Amino acid sequence: MMRTHTCGDLRAAHIDQTVTLCGWVQNRRDHGGIIFIDLRDRYGLTQVTFDPDLCGAAAHEQANRIRSEWVLKVTGTVKSRGDRKNPNLATGEIELFVTGLEILNQAATPPFEIDDHVKVSEEPRLKSRFLDLRRAPMQRNLITRHQVMQVVRRYFDANQFLEVETPTLCKYTPGGARNFLVPSRMQPGSFYAMAESPQLFKQLLMVGGYDRYIQIARCYRDEDLRNDRQPEFTQIDLEMSFIDMDDIMDMGEGMARQVWREVLGFELPAKFRRMTWTEGMLKYGSDKPDLRFGLEIVDLTDWAPTSGFSVFQSAVANKGVVRAINAKGASEQLSRRTLDALTEQAKGLGAKGLAWIKIGADPAKAEDWQGPAAKNITPEARAELGRRLGVGPGDVLFFGADREKTVCTVLGGIRLELGRNLLKLARQDDWQFLWIHSAPLFEWSEEANAFVANHHPFTCPYPEHLDALTTDPGSVLSKSYDMVLNGNEIGGGSIRIHDAATQSKVFAALGISPEDAQRKFGFLLHALSFGAPPHGGMAFGLDRLVMLITGAESIRDVIAFPKNQRGRDEMLDCPTPVSDRQLKDLHIVTAAPAAATAP
RNA sequence: GGCCUGGUAGCUCAGUUGGUUAGAGCGCCGCCCUGUCACGGCGGAGGUCGUGGGUUCAAGUCCCAUCCAGGUCGCCA
């Protein structure tokens, strides 16, 4: 080893010891005679002091030339700082008086400062990621990610789970995310698909008798990127046999509790809140409600016909719904300008407009109800509305009147904007977990003019709903569950269909013919016919989990080498064109412009 | 693919109704300084204002197109 200690190690107990440190130059303070250098590694910062009387003229001369980010090896004596301690530094009680210096490497002037005080935007950071990784926030995030992974592995190991790796080069299956494709050299014209998840493999492992499976699995999806979506990302993937919904949910909760306990020192509740999908949509307009604040949605559909307001009445007449949010006492925080911006936002979410009412000092007075919808509501209806919404002085009411799906989207969006941004009711370190379970098995797709699987086509319906598969597919609920944290879906899964007969019925309801099913999922149906155990599982998004734990604004900040929004890695300059020779080996002809191919 | 925001020095940003030689802080370079710790002092270098076109006596500023970055909707079973 070149060093005896790290830059975060030394304390008063080391005083008078001779030690050797290695690290990068964080900062140099040259006083003409005495020179201070803050030496940095991932463990901390130590002040090393070049006193010309102690370090010798040669070392002092060299210390004069040293610049930021040079790599040094320094040997010297640990001394007390006396009354010049630095309370901001873990090693601030001591300093190292250098007696020997070796410059291990010089460094070009970095494109940005490796310094927490200096803001740097993402573009230069990603371009020189190796420098960005030296910065404390990135180091903290990656260390936290490591800790989470270790806790997860220990937890599942202690619960008799087996870690099994599954292929990332696999077969294209229709439906779901767009796959990255990999051309086969040995099978001209054929392609592997990069796994979008280990879903089918883990079910096959259950058939294979591995009744508790875990994998920290890399997944690939060729879809547009977001601050919480990367083309390759990591799932904590698990599957269990001989279980029902509660068992998986308990296991997932246990993992979350242990992660929060060991990584954050925070004790989560012994039982997470559970809510059906239907209740979530009704009260929060979302399948992933943020429960850090109230602002619950109230259904007024039965009241609307009596309201006297034609917009509400016609919404109900057209088989829609009318619902509302009461932002208690928010009147002063919501200016006319803000309300206009909210209205624009509502339109962006699909609403025709946003009816709102501002309540003045006396809710009993008609003139204290102000806003686009206020005048149109009859006095009797207003009194009833006041009771239902618990209206008081200074409240602001927001209404949605449209098809149910639109109202959920709009009021759900308005609720988030109010709670998170406008009224600032949500704290980052307030951990509100819940389960959203029993979502509809199918969702009507306007685009396909057919029912499509809400989760995936192997999700098990409640047995008592099986008959409705043919008569009313939209009403069938599934044994599905999502773990939601502060409005983010951090994990989800389902009980799977384990018998071929039920699977065939679901395929039929989805309009997949037996021949189609055989061609696309034949291997699964085949496997199910050989004694598949009842099974189910779930997967957590590791990147999102770590993002929330660290408070990072993007999963890019918890991934060592992420891609930008266009899927490019500007450090590697990737993706790149390849040579004609390579394409020929792969039996590929590109339709891209000639300029995009490499020589 | 749609919408929103942005692009000015290595970094973070300012730049008025279009008007002299485009500024600041940090960083960088040089000199000075023996107790600083985001040290301090003095001096200096550094810009095709993303790119192309247009309007104008005059464009960082106005118009059009385009590229890039981020956010968002679609998409993500």
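Bear in mind the structure is a predicted one, so any value in this text is a computation, not a measurement. Worth knowing before you read on, the calculation uses all heavy atoms, side chains too, and leaves out hydrogens, waters and symmetry mates. The sequence lines fix the lettering, A, B, ..., with proteins before strands; numbering per chain opens at 1.
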Whole-Å [atom1] distance, [N] and [M]:
| N | M | atom1 | result |
| --- | --- | --- | --- |
| B:U17 | B:U36 | C1' | 50 Å |
| B:A45 | B:C63 | P | 36 Å |
| B:U56 | B:G41 | C1' | 48 Å |
| B:A58 | B:G54 | P | 12 Å |
| B:G46 | B:U8 | C1' | 14 Å |
| B:G50 | B:A22 | P | 15 Å |
| B:U12 | B:A38 | C1' | 15 Å |
| B:C28 | B:U51 | P | 27 Å |

Hunt down the Watson-Crick or G-U wobble partner of [N], both distances under 3.5 Å, from any strand shown, or write none.
| N | value |
| --- | --- |
| B:C13 | B:G23 |
| B:C3 | B:G71 |
| B:U55 | none |
| B:G35 | none |
| B:C28 | B:G44 |

Any residue meeting side-chain contact (heavy atoms from CB on, under 4.5 Å) with [X], in chain and number order, not counting sequence neighbours:
| X | value |
| --- | --- |
| A:Thr338 | A:Leu334, A:Ser335, A:Leu422 |
| A:Leu349 | A:Thr409, A:Val410 |
| A:Glu443 | A:Lys405, A:Val452, A:Asn454 |

Given the ring of A:Tyr213, does A:Lys202 sit roughly above its face, with NZ or CZ under 6.0 Å from the centre of the six-membered ring and within 45° of the axis?
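Verdict for A:Tyr213: no cation-pi partner in A:Lys202.
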Scan side-chain atoms only and decide if A:Thr6 and A:Asp9 contain a donor-acceptor pair under the 3.5 Å cut-off.
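Side chains of A:Thr6 and A:Asp9: pair found under 3.5 Å.
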Using only heavy-atom distances, determine whether the side chains of A:Gln215 and A:Thr166 contain a donor-acceptor pair under 3.5 Å.
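On atom types as modelled, these side chains qualify, holding a pair under 3.5 Å.
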Within this structure, what is the [atom1]-to-[atom2] distance between [X] and [N], rounded to whole angstrom?
| X | N | atom1 | atom2 | answer |
| --- | --- | --- | --- | --- |
| A:Arg178 | B:G1 | CZ | C1' | 11 Å |
| A:His117 | B:G27 | NE2 | P | 11 Å |
| A:Phe36 | B:C33 | CZ | C1' | 12 Å |
| A:Ile34 | B:C37 | CD1 | C1' | 12 Å |
| A:Glu443 | B:C75 | CD | C1' | 13 Å |
| A:Glu113 | B:G25 | CD | P | 14 Å |
| A:Arg135 | B:C11 | CZ | P | 13 Å |
| A:Asp83 | B:C37 | CG | C1' | 14 Å |

Lys/Arg N to Asp/Glu carboxylate O, A:Arg178 vs A:Glu196, below 4.0 Å:
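Not counted as a salt bridge, because no side-chain N and carboxylate O are separated by less than 4.0 Å.
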Give one of base, sugar-phosphate or nothing for [X], where a contact means two heavy atoms less than 4.0 Å apart.
| X | answer |
| --- | --- |
| A:Pro457 | base |
| A:Thr459 | nothing |
| A:Phe97 | base |
| A:Asp53 | base |

Output all residues satisfying salt bridge (Lys or Arg N to Asp or Glu O under 4.0 Å) with A:Arg28, sequence neighbours left out; order by chain, then residue number.
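Applying salt bridge (Lys or Arg N to Asp or Glu O under 4.0 Å) to A:Arg28 gives A:Asp30.
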Salt bridge (Lys or Arg N to Asp or Glu O under 4.0 Å) partners of A:Arg67, counting only residues at least two apart
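In terms of salt bridge (Lys or Arg N to Asp or Glu O under 4.0 Å), with neighbours along the sequence ignored, A:Arg67 is linked to no residue.
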Looking at the base of [N], is there any donor atom on it, or on the side chain of [X], that sits under 3.5 Å from an acceptor on the other one?
| X | N | result |
| --- | --- | --- |
| A:Arg221 | B:C76 | no |
| A:Arg29 | B:C33 | no |
| A:Asp38 | B:C37 | no |
| A:Arg81 | B:U36 | yes |

Name every residue in residues 480-488 of chain A that has at least one heavy atom under 4.0 Å from any atom of RNA chain B, in order of residue number, or write none if there are no such residues.
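Within this stretch, nothing sits under 4.0 Å of the strand.
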Considering only B:U12, B:U36, B:C75, which nucleotide approaches the side chain of A:Glu95 most closely?
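Nearest nucleotide to the side chain: B:U36.
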Between B:U34, B:G35, B:G30, which nucleotide has the shortest distance from any of its atoms to the side chain of A:Arg67?
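The closest nucleotide is B:G30.
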Counting N and O atoms only, with roles assigned by atom type, does the side chain of A:Asp237 sit under 3.5 Å from a partner on the main chain of A:Ala539, one being a donor and the other an acceptor?
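Here the side-chain-to-backbone pair does not exist.
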Letter by letter from the 5' end, nucleotides 66-73 of chain B scores (B base, S sugar-phosphate only, - none; protein heavy atoms under 4.0 Å) --SSBBSB
In chain order, what residues pass the side-chain hydrogen bond (donor to acceptor under 3.5 Å, both in side chains) check against A:Glu404, with sequence neighbours excluded?
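Expected list: A:Arg323.
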Residues which pass side-chain hydrogen bond (donor to acceptor under 3.5 Å, both in side chains) with A:Asp472, listed by chain and number, not counting sequence neighbours
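Listed in chain order: A:Ser475.
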